[in-house]
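Below is one structure, written out as structure tokens; comments come after it.
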Amino acid sequence: MQAEYSANDVVAARSLQVYTYLYTSMATFWIYDYTCSLHQEWAFLLRSRWSKVKGLYVVARYVPFLLFAGHLYMNLIPNENSDKCQLLNNICSCFSLISVFCSECFFVLRTYALWNHNKFVLATMVTTFLAVVISSISFAFATTATAPWTTSVIPGITGCYQSSSVVQLFIPFLLLIGLEFGLVSLTLIRAIQSWRSTNSHLFAVLVKHSIFYYTCGLFFSAVNVVTLLLFHYGYQAMFQDFQFIVLAILATRMHLHLWHADRHAHGSSALVFIPLSDISSAGSPA
């Protein structure tokens with residue numbers, strides 16, 4: 001006799017399928033992007049000197065592999081243990097936070113460089129950045145810890161989802177919108193102030209990269225706020241890690257492009273690097 005399932009059971013199962021398809025697609029795209037940039041990446045890793053910025057690059061570039069491994073395991077392997085789902089989600093959330101933290105650090109440093117290492121600007125950005133990070137972690141883990149995890153009652157549907165709504169998770173994305181709006185404002189102000197006084201190609205690259213990155217961050221944060229407020233089951237978290245993965249790709253790709261542009265500007269045979277304290281040396285106005 002064929003079992004009958006409620007409309008909520010069907011919607012929840014469908015959300016898990018969509019969630020799994022999205023993560024599989026993201027993992028495929030990440031591997032494709034990594035393969036396409038492999039030559040440039042290894043040139044950077046082997047020819048550049050070690051610095052804090054290079055450490056940020058390595059973490060931002062390779063932590064998503066762990067994030068995908070954790071989520072695909074949670075989505076594809078049959079699991080009836082809600083505590084295990086909670087544990088796996090917490091681990092993946094840590095990877096997500098590390099990834100977005102490193103990606104944002106790149107552009108905090110770039111904004112600091114564009115402002116010619118202005119200490120007041122740095123103190124303002126770091127204070128705001130740390131406040132957003134600490135608040136986001138507190139909201140995220142406090143919210144997910146109280147929402148029970150469950151699996152689909154329909155046979156053949158793997159993965160876990162939170163059975164109760166976790167709309168409070170939109171708050172970290174609102175904080176991220178505020179942070180990135182502040183950073184893009186600082187970048188635009190500096191660009192307007194310095195546009196006529198410099199003709200540096202690398203300065204223009206820094207400005208364009210930063211504005212495009214912040215625009216993408218603002219857009220995806222707004223999308224996540226909407227999905228968290230309007231959708232349920234697996235649909236709520238559908239674009240959270242998608243945003244972090246896109247930002248990681250942008251941050252690492254843009255850093256590669258900046259490093260290669262600086263290398264060509266100084267001669268392709270030179271051993272060129274862009275350390276933490278010298279990001280502005282190639283791109284700041286005179």
Side-chain angles (χ1 to χ4, degrees), residues 30-31 33-70 91-119 121-134 136-137 176 179-180 183 187 202 205-206 209-210 212-214 216-217 241 243-266 270-284:
W30 180 264
I31 294 171
D33 176 74
Y34 180 79
T35 304
C36 291
S37 62
L38 193 60
H39 176 72
Q40 290 181 322
E41 177 139 347
W42 281 100
F44 166 70
L45 292 175
L46 295 175
R47 294 182 62 84
S48 64
R49 298 180 186 177
W50 275 99
S51 64
K52 294 178 182 178
V53 170
K54 186 174 180 178
L56 281 176
Y57 177 91
V58 171
V59 175
R61 187 59 166 160
Y62 292 97
V63 161
F65 284 109
L66 301 176
L67 174 63
F68 285 131
I91 293 172
C92 292
S93 296
C94 290
F95 290 144
S96 297
L97 289 169
I98 292 170
S99 177
V100 73
F101 176 85
C102 292
S103 300
E104 293 294 322
C105 278
F106 270 111
F107 287 88
V108 169
L109 292 172
R110 287 186 175 207
T111 305
Y112 175 50
L114 289 172
W115 280 86
N116 289 333
H117 295 170
N118 185 300
K119 299 299 182 183
V121 171
L122 176 64
T124 303
M125 289 191 299
V126 170
T127 302
T128 306
F129 183 56
L130 290 178
V132 169
V133 169
I134 294 170
S136 298
I137 292 173
L176 189 58
L179 173 66
E180 293 188 331
L183 292 174
T187 301
L202 291 182
V205 169
L206 281 172
H209 281 184
S210 296
F212 184 73
Y213 175 89
Y214 295 138
C216 289
D241 286 325
Q243 173 178 353
F244 302 149
I245 293 302
V246 169
L247 295 183
I249 289 175
L250 290 176
T252 52
R253 277 283 195 162
M254 288 174 176
H255 188 70
L256 273 183
H257 181 268
L258 182 66
W259 182 81
H260 282 284
D262 182 63
R263 181 167 172 258
H264 288 308
H266 290 82
L271 184 66
V272 182
F273 67 104
I274 304 177
L276 180 67
S277 60
D278 295 330
I279 291 180
S280 64
S281 64
S284 62

### Query
How long is the span from the NE2 atom in H257 to the OG atom in S37, to the nearest 0.5 Å?
13.5 Å
### Task
Measure the CD1-OG distance between I137 and S93 for me, rounded to the nearest 0.5 Å.
10.5 Å
### Message
Are the side chains of F129 and L183 in contact, using a 4.5 Å heavy-atom criterion?
### Response
no
### Set of side-chain hydrogen bond (donor to acceptor under 3.5 Å, both in side chains) partners for N118, sequence neighbours left out
none
### Task
To the nearest 0.5 Å, tell me how far T252 OG1 sits from F106 CZ.
7.5 Å
### Query
Mind checking what makes side-chain hydrogen bond (donor to acceptor under 3.5 Å, both in side chains) contact with Y34, not counting sequence neighbours?
Y62
#### Entry: Value rounded to 0.5 Å, distance of CD in E104 from OG in S99
10.0 Å
### Task
Test K119 against Y112 for side-chain contact (heavy atoms from CB on, under 4.5 Å), laying out the working first.
CA-CA 8 Å; K119 299 299 182 183; Y112 175 50; 3.1 Å; yes
### Task
Would you indicate whether the side-chain heavy atoms of L247 and Y213 approach each other to under 4.5 Å?
yes
### Query
Quick one: does W42's side chain get under 4.5 Å of L45's, heavy atoms only?
yes
### Task
Go through the steps for F68 and I245 under the test side-chain contact (heavy atoms from CB on, under 4.5 Å), then give the verdict.
CA-CA 10 Å; F68 285 131; I245 293 302; 3.7 Å; yes
### Query
Are side-chain N/O atoms of Y57 and K52 paired as donor and acceptor at under 3.5 Å?
no
### Contacts of type side-chain hydrogen bond (donor to acceptor under 3.5 Å, both in side chains), residue S96, not counting sequence neighbours
D241
### F244: partners by ring-ring contact (aromatic ring centres under 6.0 Å, His included), with sequence neighbours left out
none
### Message
Let me confirm one number: the CG-CZ distance from L130 to F101, rounded to the nearest 0.5 Å.
### Response
7.0 Å
### Message
Among residues at least two apart in sequence or on other chains, which ones pass side chain to side chain contact (heavy atoms under 4.5 Å, CB included) with C102?
### Response
L56, V59, A60, I98
### Message
The criterion is side-chain hydrogen bond (donor to acceptor under 3.5 Å, both in side chains); which residues satisfy it with E180, sequence neighbours excluded?
### Response
none
### Query
How far does CG of L176 sit from OG of S136, to the nearest 0.5 angstrom?
7.0 Å
### Query
Excluding sequence neighbours, so at least two apart, what forms ring-ring contact (aromatic ring centres under 6.0 Å, His included) with F95?
none
### Residues that C94 engages under side chain to side chain contact (heavy atoms under 4.5 Å, CB included), provided they are two or more places apart
F141
### Q40 side chain near R253 side chain, heavy-atom distance below 4.5 Å
yes
### Query
In terms of the angle between their ring planes, are F65 and W30 parallel, tilted or perpendicular, with boundaries placed at 30° and 60°?
perpendicular
### Query
Under a 4.5 Å cut-off applied to non-hydrogen side-chain atoms, are F212 and M254 in contact?
yes
### Task
Let me see the working for W259 and R47 under side-chain contact (heavy atoms from CB on, under 4.5 Å), right down to the final yes or no.
CA-CA 11 Å; W259 182 81; R47 294 182 62 84; 4.0 Å; yes
### Query
For residues Y214 and T111, is any side-chain donor paired with an opposing acceptor at under 3.5 Å?
yes
### salt bridge (Lys or Arg N to Asp or Glu O under 4.0 Å) contacts in which one or both residues fall within residues 56-69, not counting sequence neighbours
D33-R61, E41-R61
